[in-house]
Amino acid sequence: MNIEVKNKMLDAWIREVAEMCTPDEIYVCNGSRKEYDQMIQQLLDSGIAIPLKKRPNSYLFRSDPSDVARVEDNTYISTPSRTEAGPTNNWIAPDKLKKTMKDLYEGCMKGRTMYVIPFSMGPIGSPISKIGVEISDSPYVVVNMHIMTRVSDRVLELLGTNGEFIPCLHSIGAPLEEGQEDSKWPCAPIEKKYISHFPEENLIWSYGSGYGGNALLGKKCLALRIASAMAKREGWMAEHMLILRLTNPEGKQFHIAAAFPSACGKTNLAMMQPSVPGWKCECVGDDIAWMKIGPDGRLYAINPENGFFGVAPGTSYDTNPMAMDTLKENVIFTNCALTDEGDVWWEGIDGDPPKHAIDWKGNDWTPDSTDVAAHANARFTAPAAQCPVICEDWEKPEGVPIDIFIFGGRRSSVVPLVTEAYNWDHGVFLGSTAASETTAANIGAVGNLRRDPFAMKPFCGYNMGDYFQHWMEMGDKLGDKAPRCFYVNWFRKSEDGKFLWPGFSDNSRVLKWMCERVDGKAGAEETPIGLLPKDGDLDTQGLDTSADDLKELLKVDAEAWKAEIPDIENHFTTFGDRLPDRLKKQLEEFRHRLG
Ligand code: GTP
Ligand code: SPV
Ligand code: MN
């Protein structure tokens, strides 16, 4: 071990893990730039990192084709009883799961270095922050954690001899025998991957994958699954939400937190540049919000992360210029294509496709190839501080006061562009019934419609029926200071399969309507599903969308909604007696309004 660890619990845990996993070496990280550079150098020397001539201090990695996204089917919430995990989570009893995983962990770091990564979610030392320590045998994880979280020796200082932390154990699950040549992206086969959470113990065990949320354990595992369970116990909220600040032409600020499922537009909305003149948007966070009620009774949000782990395909100067400017240097790219000029490329980036490139699997690629050049879940890891529109208050320990909640998903039909909830309970109903077509952010089928309540289906660390109840109780506590709730769908398609709404910067038109609703300045029409903008309420000046398309986007098709009811009922039934009565009442009222 390179340093002496003073925290007793941490020291004991490191020794225990080392004994089980038998690494060749142990290295405790300090989070310094020098450390980052050394790790990158090591990854370059072994041919795993590919330097990008066109972007300073930026590197491309290619993962194993079997390890390209989160693995929801292998993700577990291991509470003492199945009921505590609830119907939306996979469950194995803690004893059994630990036994299985201990057998896998036995000797799993042989031939490798075990890295100890002390990190803070939220600014180091802030009362709202949480300290985690990830043990990992992947240097790729170390460099990504450097960007995504606050890795620092100050975290160890803060822990002192007796401070508490959340232990996050990670192994790629690929021990190296003596003389065995390492592969470029070692990992375990799918049947041996386990992403396990023990919420009662605030403990995370991950095995077999090196990719994204499976391996960077501060993100989904700690900041959502473990944190949501803590938040329920302690009376706060941990949500899969972007946070943005919108300023109107008069200088009034609105803070918006929006929950969309994976690959459904959070990063894009978080740093969107409004097409409506005079409005300004700044980014506070793009994926996760931790929210607490402040001394004034309002709900305050912080972004616990330090970077963006964003979807590359579709990102361009046209769609998300602020992301493109964030990606100029100091970026880790994973599973993008490599051009002959030494830059990254992906489907949907600006300009013509390169005549030749190396695809994400390392093969030659030309525009005639039948396969995509970049994987659909190719990602960039970039420091949030590099975003040109990062909000000056993004690291403020007390957070920003939330005025508006948005829920949503990817729906090619039925769901209109925007709906306002009648009240908090109705807002919780909209969030709890949110449905979306599945995306490449998870291993599995793409485009299947599923209920993804509050975009938290894969991330809620306890029974989601209780989570709905928690939302109700937070609303009761917030009273008239509760944020107003809206539902959006940027992804409605025409019969010929084209998006009806231009999206991106034009989403500002919808956000403007929301802010004006909050200010009591904009009108709305009562419909069975909620409040919708009436003719003229939505700012459409300069918008390229035809009147017919707009009508279609704001249409409430009662018959189509009636056809949704059985599925909503089935969805609710899965929660049994954990479903709050107030949601049953909402469903009854909805049915009644539909007539
Ligand atoms: P995660 O990082 O997985 O949580 O995803 P996310 O919710 O941050 O999604 P992101 O903003 O990265 O967008 C995912 C994909 O949807 C990208 O390919 C975007 O280009 C596309 N997208 C985002 N916003 C819009 C929009 O308003 N309209 C359309 N048509 N596509 C969008
Ligand atoms: C998501 O899937 O919602 C992500 C990417 O943000 S990952 O970190 O891999 O979970
Ligand atoms: Mn996400």
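Both ligands and their constituent atoms are indexed starting at 1 by order of listing.
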[X] neighbourhood, listing ligand 1 atoms whose heavy-atom distance to it stays under 4.0 Å:
| X | answer |
| --- | --- |
| Arg410 | 15 (C), 16 (O) |
| Pro313 | 17 (C), 18 (O) |
| Arg379 | 1 (P), 2 (O), 3 (O) |
| Phe499 | 30 (N) |
| Gly314 | 18 (O), 20 (O) |
| Pro261 | 7 (O) |
| His240 | 4 (O) |

Review point. Looking at ligand 1, does Asp287 have a heavy atom less than 4.0 Å from it?
Key: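 Asp287 counts as a contact of ligand 1 under the 4.0 Å cut-off.
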What do you reckon, are the aromatic ring centroids of [X] and [Y] less than 6.0 Å apart?
| X | Y | answer |
| --- | --- | --- |
| Trp471 | Phe407 | yes |
| Phe61 | Trp185 | no |
| Tyr194 | Trp205 | no |

Review point. Which bit of Phe491 is near ligand 1, meaning a heavy atom under 4.0 Å away: side chain, backbone, both or neither?
Key: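 It is the side chain that touches ligand 1; the backbone stays farther off.
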Exercise for review: For ligand 1, indicate whether the residue Cys264 contacts it via side chain, backbone, both or neither (heavy-atom separation under 4.0 Å).
Suggested key: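 It is the backbone that gets close, since no side chain atom is under 4.0 Å.
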Against heavy atoms of [X], which atoms of ligand 2 measure under 4.0 Å?
| X | value |
| --- | --- |
| Ala441 | 2 (O) |
| Asp287 | 6 (O) |
| Lys219 | 6 (O), 8 (O) |
| Lys220 | 1 (C), 3 (O), 4 (C), 6 (O), 7 (S), 8 (O), 10 (O) |
| Ser262 | 1 (C), 2 (O), 3 (O) |
| Gly213 | 7 (S), 8 (O), 9 (O), 10 (O) |
| His240 | 3 (O) |

Check this for me, if you would: do [X] and [Y] make a salt bridge, where the nitrogen-to-carboxylate-oxygen distance has to be below 4.0 angstrom?
| X | Y | result |
| --- | --- | --- |
| Arg150 | Glu395 | yes |
| Lys266 | Glu305 | no |
| Lys193 | Asp67 | yes |
| Lys361 | Asp359 | no |

Looking only at N/O atoms, are [X] and ligand 1 under 3.5 Å apart anywhere?
| X | value |
| --- | --- |
| Ala263 | yes |
| Thr315 | no |
| Asn507 | yes |
| Thr267 | yes |
| Phe504 | yes |

Name the orientation class of the two ring planes belonging to [X] and [Y] (parallel below 30°, tilted from 30 to 60°, perpendicular beyond 60°).
| X | Y | answer |
| --- | --- | --- |
| Phe454 | Phe468 | tilted |
| His240 | Phe459 | perpendicular |
| Tyr36 | His146 | tilted |

Practice item. Pick, from Leu242, Val311, Asn268, the option with the minimum heavy-atom distance to atom 19 (C) of ligand 1. Key: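 Selected option, by shortest heavy-atom distance: Asn268.
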Check your understanding: Have Ser494 and Asp496 got a donor and an acceptor in their side chains that come within less than 3.5 Å?
Key ->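 Short answer, yes.
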Review point. Can you find a side-chain donor-acceptor pair between Thr334 and Tyr140 that sits under 3.5 Å?
Key: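 Distance-only check passes for Thr334 and Tyr140.
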Among all protein heavy atoms in this structure, tell me which lies nearest to [atom], with the distance rounded to 0.1 Å.
| atom | value |
| --- | --- |
| atom 9 (O) of ligand 1 | Gly265 N, 2.9 Å |
| atom 10 (O) of ligand 2 | Arg70 CD, 2.7 Å |
| atom 4 (O) of ligand 1 | Lys266 NZ, 2.8 Å |

Check your understanding: Taking N or O atoms only and a 3.5 Å limit, does Lys266 qualify as a polar contact for ligand 2?
Key ->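 No, there is no polar N/O contact under 3.5 Å.
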Practice item. Could you tell me whether some N/O pair between Phe459 and ligand 2 is separated by less than 3.5 angstrom? Key: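 No - when backbone and side-chain N and O of Phe459 are compared with those of ligand 2, no distance drops under 3.5 Å.
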Neighbour count above 12 (heavy atom, 6.0 Å) for [X] [atom1]:
| X | atom1 | value |
| --- | --- | --- |
| Asn448 | CG | yes |
| Lys292 | NZ | yes |
| Gln541 | CD | no |
| Asp352 | CG | no |

Practice item. Just give me the atom name: the N, O or S atom of Asp287 closest to the Mn ion (ligand 3). Key: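 Nearest to the Mn ion (ligand 3) within Asp287's N, O and S set: OD1.
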Review point. Angle at the Mn ion (ligand 3) between NZ of Lys220 and NE2 of His240, to 10°?
Key: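 For NZ of Lys220 and NE2 of His240, the angle centred on the Mn ion (ligand 3) reads 70°.
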Practice item. Report the distance from atom CD1 of Ile50 to atom CG of Leu338, rounding to the nearest 0.5 Å. Key: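 The distance works out to 6.0 Å.
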Exercise for review: Return yes when Arg379 approaches ligand 2 closer than 4.0 angstrom through a heavy atom, no otherwise.
Suggested key: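 Yes, Arg379 has a heavy atom closer than 4.0 Å to ligand 2.
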Practice item. Could you please spell out the steps behind the side-chain contact (heavy atoms from CB on, under 4.5 Å) verdict for Met237 and Leu299? Key: CA-CA 10 Å; Met237 305 171 96; Leu299 190 63; 3.9 Å; yes
